[in-house]
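Order of the sequence lines fixes the chain letters, A, B, ..., with proteins taken first and strands second; residue numbering starts at 1 for each chain. As a basis for the values below, the full set of heavy atoms in this structure was taken, side chains included, without hydrogen atoms, waters or symmetry mates.
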Amino acid sequence: MYALIDCNNFFVSCERLFDPALEGMPVGVLSNNDGCIIARSEELKALGIAMGMPMHQIPSMQRQRIVFKSSNYALYGDLSSRVQRVLAARVPALEPYSIDECFLDLRGMSNDLDALGRELVHAVEREVGLPVSLGIAPTRTLAKLANRRAKGMPGRPQLCLWPDANAPDLSHFLRQLPVKAVWGIGSRLALRLASLGIDNAAALRDAPEALLRKRFSVVMARTARELRGTPCLEAHDLDTPRRSILCSRSFGRLLNERDQLSDALRHHCQRAGEKLRRDDMLASAIGVFLRTNPHHAGPQQSHPLWTMLPFPSADTLRLNHYAQRLLAELWQPGIAYQKLGVMLADLSPRRGSQTSLFEGHEPARQEALMQTWDAIHRRYGRHALTLGLQCRNAAWQMNSRYHSPRYTTRWDELPQVST
DNA sequence: TCTGGGGTCCTAGGACCC
DNA sequence: TCTGGGGTCCTAGGACCC
């Protein structure tokens with residue numbers, strides 16, 4: 001038996017937790033660069049503002065009634081880990097799935113799943129202050145749907161329990177549910193399924209397995225089985241090392257200046273190196289991409305250029321050196337670029353890494369330099385030491401006009417309270 | 001004018017082997 | 001004119017997730 005617990009309108013709820021004046025108002029949290037809507041309060045949904053809607057497509061009349069917030073990942077990330085701590089204290093197996101969702105493996109847990117579910121929801125709401133909903137079902141795919149069902153329920157706690165695939169209202173719910181709402185079915189697959197007459201979740205559940213395997217893939221067949229109540233998905237293993245690292249940003253405006261692009265890339269390399277060392281990994285390959293705005297007409301560029309590093313490394317200086325060479329190859333005069341990113345791949349653990357007979361390895365003094373670098377950051381903050389000069393408000397930096405304070409991680413951003 | 005960032009997994013197809 | 005069969009490995013690209 002699995003549970004999926006999900007924070008309702010997570011980013012909006014985080015903003016409201018520290019600014020109760022937002023309660024009852026239409027609130028929209030914006031993507032990086034204040035580009036589009038990535039989280040909506042119920043009031044904003046009621047205004048007909050769609051998820052992912054670009055900011056500039058919202059009519060200005062409507063815009064004046066909406067409270068916008070730039071995304072504040074320092075705040076959301078911290079609250080997310082608090083939610084996880086509350087849950088981890090109550091169930092043996094936790095599988096964090098995203099910043100606002102967690103699967104719980106309830107096998108071997110109490111028989112009274114309803115009481116357990118209520119306790120979990122209340123605990124998060126009481127100890128963190130964020131509203132959550134909970135779905136319980138025999139498979140992760142059904143637990144996702146039970147969670148969706150719970151969200152539609154009035155009152156608290158929002159909880160839906162489907163102890164088996166024959167639960168009374170389950171079939172009815174699946175028949176009403178567009179197939180696209182099933183976990184793993186995106187808009188492309190939904191279109192292809194519809195062409196076979198499969199347009200709701202119950203139809204997918206009942207479709208012949210051979211057909212799904214033949215016309216789609218094993219993934220689709222697995223999804224259908226999960227809908228029938230047979231668990232087929234592996235646990236989202238926390239210990240699985242990540243396979244790639246990506247650091248990228250859209251610019252505040254379109255750019256072609258070499259020095260600006262080079263500055264931005266240096267900044268991304270610095271972040272990528274930090275991520276790599278935090279995971280205690282080395283990278284063997286590095287890629288850079290420069291992207292034009294795909295929404296504009298005219299020649300497009302987006303393909304990355306890759307190169308192998310001479311040996312696996314987590315040295316920011318080395319990463320930057322090779323990345324800058326790739327940038328020089330990619331850059332073309334007169335093209336307006338919108339986004340730049342660096343990617344690291346062929347990752348391997350630093351400890352016990354095999355060095356081949358012909359392959360070099362990172363000199364000890366470079367490793368020591370990076371350890372010192374990270375130690376300075378831990379002690380004095382991330383801006384204490386940067387690769388080259390990194391000025392604030394450079395043209396390549398993103399827009400963030402509606403940023404709230406990082407309430408839980410920065411003393412200096414706490415609002416002053418007069419005594 | 002303004003359209004996010006960061007991941008994972010799967011498959012098709014090409015290159016290559018004997 | 002006719003031009004094998006069977007396998008592995010790798011990569012690019014598509015699809016998905018939040």
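If you check every strand for non-hydrogen atoms under 4.0 Å, A:Lys275 touches sugar and phosphate atoms only. No engagement by A:Val29 is indicated, since no non-hydrogen atom pair under 4.0 Å with the nucleic acid exists. At a threshold of 4.0 angstrom between heavy atoms, the contacts of A:Asn293 are confined to the sugar-phosphate backbone, with no base atom among them. Nucleic acid contact class of A:Ile99 (heavy atoms, under 4.0 Å, all strands): none. Among the atoms of the strands shown, none is found under 4.0 Å from any heavy atom of A:Arg63. Across all strands, A:Arg243 comes closer than 4.0 Å only to sugar-phosphate atoms, never to a base (heavy-atom distances). Residue contacts for A:Ser187: at a heavy-atom cut-off of 4.0 Å it reaches the sugar-phosphate backbone alone, with no base atom in range. Within the 4.0 angstrom heavy-atom criterion, no nucleotide atom of any strand lies near A:His268. At the heavy-atom level, A:Arg271 lies under 4.0 Å from the strands shown only through sugar-phosphate atoms. No engagement by A:Leu30 is indicated, since no non-hydrogen atom pair under 4.0 Å with the nucleic acid exists. A:Asp34 comes within 4.0 angstrom of nothing in the nucleic acid, heavy atoms only.
Using the six-membered ring where Trp is involved, A:Phe103 and A:Trp183 have ring planes that are tilted, between 30° and 60° apart. Classified by interplanar angle (parallel below 30°, tilted 30° to 60°, perpendicular above 60°), the ring pair A:Tyr73/A:Tyr76 is perpendicular.
Comparing C:dC18 with B:dT3, their P atoms sit 24 Å apart, to the nearest whole Å.
No salt bridge links A:Glu43 with A:Arg65; every basic N to acidic carboxylate O contact stays at or beyond 4.0 Å.
The footprint of chain A on DNA chain C, defined by a heavy-atom cutoff below 4.0 Å, extends from C:dG13 to C:dC18.
Checked against A:Met1 for a side-chain contact (heavy atoms from CB on, under 4.5 Å), the options A:Asp105, A:Thr139, A:Ile136 give a single hit: A:Ile136.
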Item to complete: Taking Watson-Crick and G-U wobble pairs with both distances under 3.5 Å, convert DNA chain C into its dot-bracket string, 5' to 3', dots for unpaired and | for cross-strand pairs.
Response: ....||||||||||||||
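More than 12 heavy atoms of other residues, nucleotides or ligands shown are found within 6.0 angstrom of CZ on A:Arg90.
Between atom CG of residue A:Leu94 and atom SG of residue A:Cys102 there is a gap of 3.5 Å, rounded to the nearest 0.5 Å.
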